[in-house]
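Each residue takes its place number in the sequence, starting with 1.
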Amino acid sequence: MRIIDGKLVAASIRGGIADEVANLRKKGLEDGIGLAVIFVGDNPASQVYVRNKIKACEEVGIESFLCKLPEDSTFEDVADTIRELNGNKDVSGIILQLPIPAHLDENKLIDLISPEKDVDGCTAAQKGRLWTGRDSLIACTPFGVMKLLEYYGIPLEGKNAVVIGRSNLVGKPMAQLLLDANCTVTVCHSRTQNLAEITRRADIVVVAIGKAKFLKADMIKEGAIVVDVGMDRDENGKLCGDVDFNAICEKCKYITPVPGGVGPMTVTMLISNTLKAYKKQHGIA
């Protein structure tokens, strides 16, 4: 068994981003390289994620803009903020921090973000580009998973991959990326019958359902590669993932831990997308 170290891979990628940003600054930037985070309300978990994003920007020399809006903001309040950021030349990327208050229409607001600045890969335009095999800004978590597999030299072509979860943020784009890497992909979800029979045939299992320690040892085959995208709390309140790590790790060839696996990659790919967006906006190869 080998643990996939997300902190190590994230640090390596961030180092490369920092170098590239520094080189661009030396050449003289037309406009700033900036990430804008729109945060509506006071969700405690979101506060932590937003701080991590701002810190990551600081580490690599990308400017950050925090647009904090009250819980009772109207659709137009948030929409006006998005439109203003769309027109700001110093903002290369925009992210609407999720979840947002229930009275707001998440999909309509996300689709107001300029696709060229959609560094979370959430607009219909960017999803469409991914689904049709064109260059796109890819949803950060599945993008990070692919970078982890690539860093560790894990072969994907011809492998049977199972993705548990079908969310727009993780499950669906994850399945598409694995398909693009020539895996044979099965997507499972809450209505899937005989789940364990399906996962036991998989060479690669990616779990993203938000259920603590859901994937057990009897649900995978010997030598499987297991990627845990979950971020949960166990019965003792301790941070854990969707995979029962202690029960399953000795059966795996590779496995991602929680914390320290996929998590660090999500923010890293967000700043990577922000740099990519800036370069595309300014015609830099």
Quick one: does His189's side chain have a donor or acceptor within less than 3.5 Å of a partner on Ile209's backbone? no
Could you grab the distance from atom SG of Cys122 to atom CD of Glu106, nearest 0.5 Å is fine? 7.5 Å
Please give me the minimum heavy-atom distance between Ala161 and Leu178, naming the atom from each residue. CB-CD1, 3.9 Å
Min side-chain heavy-atom separation Asp228-Val262 under 4.5 Å: no
Can you tell me how far CE of Met174 sits from CZ of Phe143, rounded to the nearest 0.5 angstrom? 11.0 Å
Same cluster (ILVMFWY, side-chain, under 4.5 Å), Val91 and Leu96: yes
Please name the residue in the list Ile225, Thr256, Val9 that meets the side chain to side chain contact (heavy atoms under 4.5 Å, CB included) test with Leu149. Ile225
Stepwise side chain to side chain contact (heavy atoms under 4.5 Å, CB included) test for Met231 and Tyr49: CA-CA 12 Å; Met231 190 69 73; Tyr49 297 142; 4.3 Å; yes
Side-chain (Arg2) to main-chain (Lys253) donor-acceptor, under 3.5 angstrom: no
State whether the side chain of Asp111 and the backbone N or O of Ala124 hold a donor-acceptor pair below 3.5 Å, judged by distance alone. yes
Short question: side chain of Tyr152, backbone of Asp5 - any donor-acceptor pair under 3.5 Å? yes
Do Thr266 and Thr141 pair up side chain to side chain, a donor and an acceptor below 3.5 Å, judged on atom types alone? yes
Does Leu104 reach the side chain of Leu109, with side-chain heavy atoms less than 4.5 Å apart? yes
Carefully, step by step, assess Phe39 and Gln47 under the rule side chain to side chain contact (heavy atoms under 4.5 Å, CB included). CA-CA 8 Å; Phe39 180 23; Gln47 289 177 6; 3.5 Å; yes
Asp42 and Lys68 ion-paired at < 4.0 Å: yes
With a sphere of 6.0 Å drawn around NZ of Lys221, does it hold more than 12 non-hydrogen atoms of other residues, nucleotides or ligands? yes
Say whether Glu76 and Thr74, considering side chains only, have a donor N or O and an acceptor N or O under 3.5 Å apart. no
Between Met146 and Leu156, what is the shortest heavy-atom contact and its length? CE-CD1, 3.7 Å
Where do Val78 and Ser73 come nearest, in terms of heavy atoms and distance? CG2-CB, 4.2 Å
Does a sphere of radius 6.0 Å around NZ in Lys216 hold more than 12 heavy atoms from other residues, nucleotides or ligands, not counting ones at 6.0 Å or beyond? yes
Donor-acceptor pair, Gln126 side chain versus Pro115 backbone, under 3.5 Å? yes
Is Leu239 linked to Val267 within one hydrophobic cluster, defined over Ile, Leu, Val, Met, Phe, Trp and Tyr using a side-chain heavy-atom separation of less than 4.5 Å? no
Rounded to the nearest 0.5 angstrom, the OG1-CD1 distance for Thr81 and Ile38 is 6.0 Å
Determine yes or no for a side-chain-to-main-chain donor-acceptor pair under 3.5 angstrom, with Gln281 supplying the side chain and Ser92 the backbone. yes
Side chains of Cys240 and Val258 in contact at under 4.5 Å (non-hydrogen atoms): no
More than 12 foreign heavy atoms under 6.0 Å from CD of Glu84: is that the case here? no
Of the non-hydrogen atoms in Ile54 and Ser64, which two are nearest, and what is the gap between them? CG2-OG, 3.5 Å
Note, Asn160 side chain near Thr186 side chain (heavy atom, < 4.5 Å): no
Under 4.5 Å between side-chain heavy atoms, counting indirect links through other Ile/Leu/Val/Met/Phe/Trp/Tyr residues: same cluster for Ile138 and Val170 or not? yes
To the nearest 0.5 Å, what is the distance between OG (Ser272) and CG (Leu137)? 9.5 Å
Hey, what do you get for NZ (Lys117) to OG1 (Thr274), rounding to the nearest 0.5 Å? 11.5 Å
Are side-chain N/O atoms of Asp180 and Gln176 paired as donor and acceptor at under 3.5 Å? yes
Evaluate the side chain to side chain contact (heavy atoms under 4.5 Å, CB included) criterion for residues Ile154 and Ile4: first the C-alpha distance (whole Å), next the side-chain angles of each, then the deciding distance (0.1 Å), finally the verdict. CA-CA 11 Å; Ile154 296 169; Ile4 296 175; 4.1 Å; yes
Answer yes or no: is there a side-chain heavy-atom contact under 4.5 Å between Ile284 and Tyr278? yes
If I compare all heavy atoms of Cys249 with all of Ile255, which pair ends up nearest, and what's the gap? CA-CD1, 4.2 Å
Where the side chain of Arg129 meets the backbone of Ala125, is there a donor-acceptor pair that is under 3.5 Å apart? no
Side chain of Asp31, backbone of His282: donor and acceptor closer than 3.5 Å? no
Are Ile3 and Leu8 connected into the same hydrophobic cluster when the rule is that any two of I, L, V, M, F, W, Y join if their side-chain heavy atoms are below 4.5 Å apart? no
Listed partners of Lys159 passing salt bridge (Lys or Arg N to Asp or Glu O under 4.0 Å), at least two apart: none
Among Ile164, Val229, Val207, which one satisfies side chain to side chain contact (heavy atoms under 4.5 Å, CB included) with Asp242? Val207
Please answer whether the main-chain N or O of Ile95 pairs with a side-chain N or O of Asp120 as donor and acceptor at a distance below 3.5 Å. no
Under a 4.0 Å threshold between the charged nitrogen and the carboxylate oxygen, would Lys276 count as salt-bridged to Asp135? yes
Under a 4.5 Å side-chain heavy-atom rule over Ile, Leu, Val, Met, Phe, Trp and Tyr, are Val243 and Val205 clustered together? yes
Flag, side chain of Asn194 to backbone of Glu197, donor-acceptor distance under 3.5 Å: no
Contact between Lys53 and Gln97 at the side-chain level, heavy atoms closer than 4.5 Å - yes or no? yes
Out of curiosity, Lys147 NZ to Ser12 OG, how far, rounded to the nearest 0.5 Å? 10.5 Å
Begin with the C-alpha distance, continue with both residues' side-chain angles, and end with the deciding distance and a verdict on side chain to side chain contact (heavy atoms under 4.5 Å, CB included) for Leu275 and Ile271. CA-CA 6 Å; Leu275 175 58; Ile271 57 176; over 6 Å; no
Side-chain heavy atoms of Leu177 within contact of Leu130, under 4.5 Å: yes
Whether over 12 other heavy atoms sit under 6.0 Å from Lys7 NZ: no
With a sphere of 6.0 Å drawn around CD of Gln193, does it hold more than 12 non-hydrogen atoms of other residues, nucleotides or ligands? no
Could you check if a side-chain atom of Leu195 sits within less than 4.5 angstrom of a side-chain atom of Phe214, using non-hydrogen atoms only? yes
Do you know the tightest heavy-atom contact between Ala139 and Leu169? CB-O, 3.5 Å
